[in-house]
Number of protein chains: 2
Amino acid sequence: MDEKDMKILEILMKDGRKPYTEIAKMLNTSESSVRKRIRKMEEEGIIKGYRAEVEPSKIGYNVVALTGFDTNPEDFLTVAKKLCEFEEVKKVWTSTGDHMIMTEIWARDGKELSEILFNKLGKIDGVKKICPAIILEELK
Amino acid sequence: MDEKDMKILEILMKDGRKPYTEIAKMLNTSESSVRKRIRKMEEEGIIKGYRAEVEPSKIGYNVVALTGFDTNPEDFLTVAKKLCEFEEVKKVWTSTGDHMIMTEIWARDGKELSEILFNKLGKIDGVKKICPAIILEELK
DNA sequence: TTTGAAAATTGGCCTAA
DNA sequence: TTAGGCCAATTTTCAAA
């Protein structure tokens, strides 16, 4: 990881499909140099992958909620793992602060979110409290 | 947006660089069909872009915090926009729930996080309270 | 770093529903 | 009108030396 690797990363975080040749031009270096650096960062796990970023509202998911979960301390990890299994749950973090588990959940509307939260996730063994925060706008 | 588009999206959300030819094979269709569908979804804003996903700890960012901000109602949007300007602030959402503004912040260590939160972001006009939750593990 | 072959992307034009 | 098939030119990727 040097200066050049860092610049490559910045470029790829903005545009994960930018061709090696273009990146090489931007950094005044060769395509093969860029490619080998990227390959190495992929192998080392610095680059975990490439993802298309999708606008949920355009595919019918009009409600996205950052949702905290509280559990008994002993159930914490099993709950977190269980949450990962649900397709609607796009992200799961364990964290300090108000809630030990934080998630990002996609739903088609408020009704569906309510069903997901209270009929599905709320019934997971060990869940004590659910704290949803509906995202109004993604500014960055 | 039909069934086929949805499947293409699912593939690209997992691997944003998968070649059209491979996607076509997976869906038993032609490369040109896949390509034209993707182009259309890009133009319509369904696909907002492609990003390399980076492991922050591998490039020296050992502390990532989901951080809520409370403001006066009248300062809320200006604060949110101001937060977007900081390089350390990777994500900014406005939301309901405990905090009107939620962010994801990357720092090299606890000391740096503390500096960012209290010396930089905390001094933005209108910020009343900062609620950081350090991410322990990203499970999904 | 350079080179050349293979693969992927792109654009245009065509047909069919 | 729109989705998809087809072909040809260009660009990108990749693995040698």
Side-chain angles (χ1 to χ4, degrees), chain A residues 1-64 87-88 90 106-109 112 138 140, chain B residues 1-61 87 90 106 138 140:
Chain A
M1 277 299 303
D2 59 6
E3 185 68 19
K4 203 180 261 185
D5 281 336
M6 201 57 216
K7 279 188 182 159
I8 292 173
L9 279 188
E10 278 165 20
I11 291 168
L12 287 177
M13 285 195 286
K14 285 204 199 84
D15 179 4
R17 298 188 69 147
K18 193 172 279 293
Y20 306 145
T21 47
E22 272 187 54
I23 298 173
K25 268 185 204 164
M26 292 167 76
L27 303 186
N28 269 58
T29 180
S30 71
E31 177 266 337
S32 68
S33 160
V34 168
R35 181 158 43 83
K36 278 165 190 168
R37 282 168 177 272
I38 291 175
R39 197 65 73 246
K40 196 166 170 224
M41 290 194 282
E42 288 168 353
E43 281 162 6
E44 287 172 353
I46 295 173
I47 296 174
K48 287 190 284 185
Y50 302 88
R51 322 258 172 253
E53 194 183 337
V54 171
E55 171 57 45
S57 67
K58 298 230 177 183
I59 57 171
Y61 292 89
N62 294 295
V63 179
V64 178
E87 214 223 326
E88 303 93 331
K90 300 293 178 185
W106 288 19
R108 297 186 180 280
D109 49 39
E112 191 181 274
E138 179 174 312
K140 184 173 180 180
Chain B
M1 278 300 303
D2 59 6
E3 186 68 21
K4 200 183 266 184
D5 281 335
M6 201 57 216
K7 279 187 182 159
I8 291 173
L9 279 188
E10 277 164 21
I11 292 168
L12 287 177
M13 285 196 288
K14 285 204 199 82
D15 179 2
R17 299 188 67 146
K18 193 171 280 293
Y20 305 144
T21 48
E22 273 188 53
I23 298 173
K25 268 184 206 165
M26 293 167 75
L27 303 186
N28 268 57
T29 181
S30 72
E31 177 269 337
S32 70
S33 163
V34 169
R35 173 160 48 94
K36 279 159 192 173
R37 281 167 176 272
I38 290 175
R39 195 66 70 244
K40 198 170 170 216
M41 290 193 282
E42 289 168 351
E43 282 163 5
E44 287 173 352
I46 294 173
I47 297 174
K48 287 190 283 185
Y50 302 87
R51 325 253 171 254
E53 194 183 337
V54 171
E55 172 55 46
S57 67
K58 299 233 177 180
I59 57 170
Y61 291 89
E87 214 223 326
K90 299 294 178 185
W106 289 20
E138 180 175 312
K140 184 174 181 178

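Order of the sequence lines sets the chain letters (A, B, ...), proteins ahead of strands, with each chain counted from 1. Predicted, not measured: the structure shown is a model, and the values here were computed from it.
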Starting from [atom2] on [N], measure out to [atom1] on [X] and report it in whole angstrom.
X: Lys18(A); N: dT13(D); atom1: NZ; atom2: C1'; result: 17 Å
X: Glu31(A); N: dA5(C); atom1: CD; atom2: P; result: 17 Å
X: Asp5(B); N: dT2(D); atom1: CG; atom2: P; result: 15 Å
X: Glu43(A); N: dC14(D); atom1: CD; atom2: P; result: 12 Å
X: Ile38(B); N: dA3(D); atom1: CD1; atom2: P; result: 14 Å
X: Ile23(A); N: dT13(D); atom1: CD1; atom2: C1'; result: 12 Å
X: Lys25(A); N: dT11(D); atom1: NZ; atom2: P; result: 9 Å
X: Lys36(A); N: dT12(D); atom1: NZ; atom2: C1'; result: 16 Å

Looking at [X], I'd like to know whether one of its side-chain N or O atoms comes within less than 4.0 Å of OP1 or OP2 on [N].
X: Lys40(B); N: dA3(D); answer: yes
X: Arg35(B); N: dG4(D); answer: no
X: Lys4(B); N: dG4(D); answer: yes
X: Thr21(A); N: dT12(D); answer: yes
X: Ser30(A); N: dT1(C); answer: yes
X: Arg39(A); N: dC14(D); answer: yes
X: Tyr20(A); N: dT11(D); answer: no

Quiz item: With a 4.5 Å limit on heavy-atom distance, are the side chains of Met6(A) and Met1(A) in contact?
Solution: yes

Quiz item: Are any non-hydrogen side-chain atoms of Ile59(A) and Asp5(B) less than 4.5 angstrom apart?
Solution: no

Quiz item: Which residue, Pro19(A) or Ser33(B), contacts DNA chain D at a nucleotide closer to its 5' end, judged by nearest heavy atom?
Solution: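 Result: Ser33(B).
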
Exercise. Could you say whether Ser32(A) or Glu22(A) is positioned toward the 5' end of DNA chain D, judged by the nucleotide with the nearest heavy atom to each?
Key: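 Counting from the 5' end, the first nearest nucleotide belongs to Glu22(A).
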
Exercise. Evaluate whether atom NZ of Lys140(B) has more than 12 neighbouring non-hydrogen atoms of other residues, nucleotides or ligands under 6.0 angstrom away.
Key: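 Yes - once you tally the heavy atoms of other residues, nucleotides and ligands closer than 6.0 Å, there are more than 12.
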
Quiz prompt | Side-chain donor or acceptor of Lys58(B) paired with backbone N/O of Glu44(A) under 3.5 Å | solution =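 Present.
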
Quiz prompt | Carboxylate-amine/guanidinium proximity below 4.0 Å for Arg39(B) and Glu42(B) | solution = yes

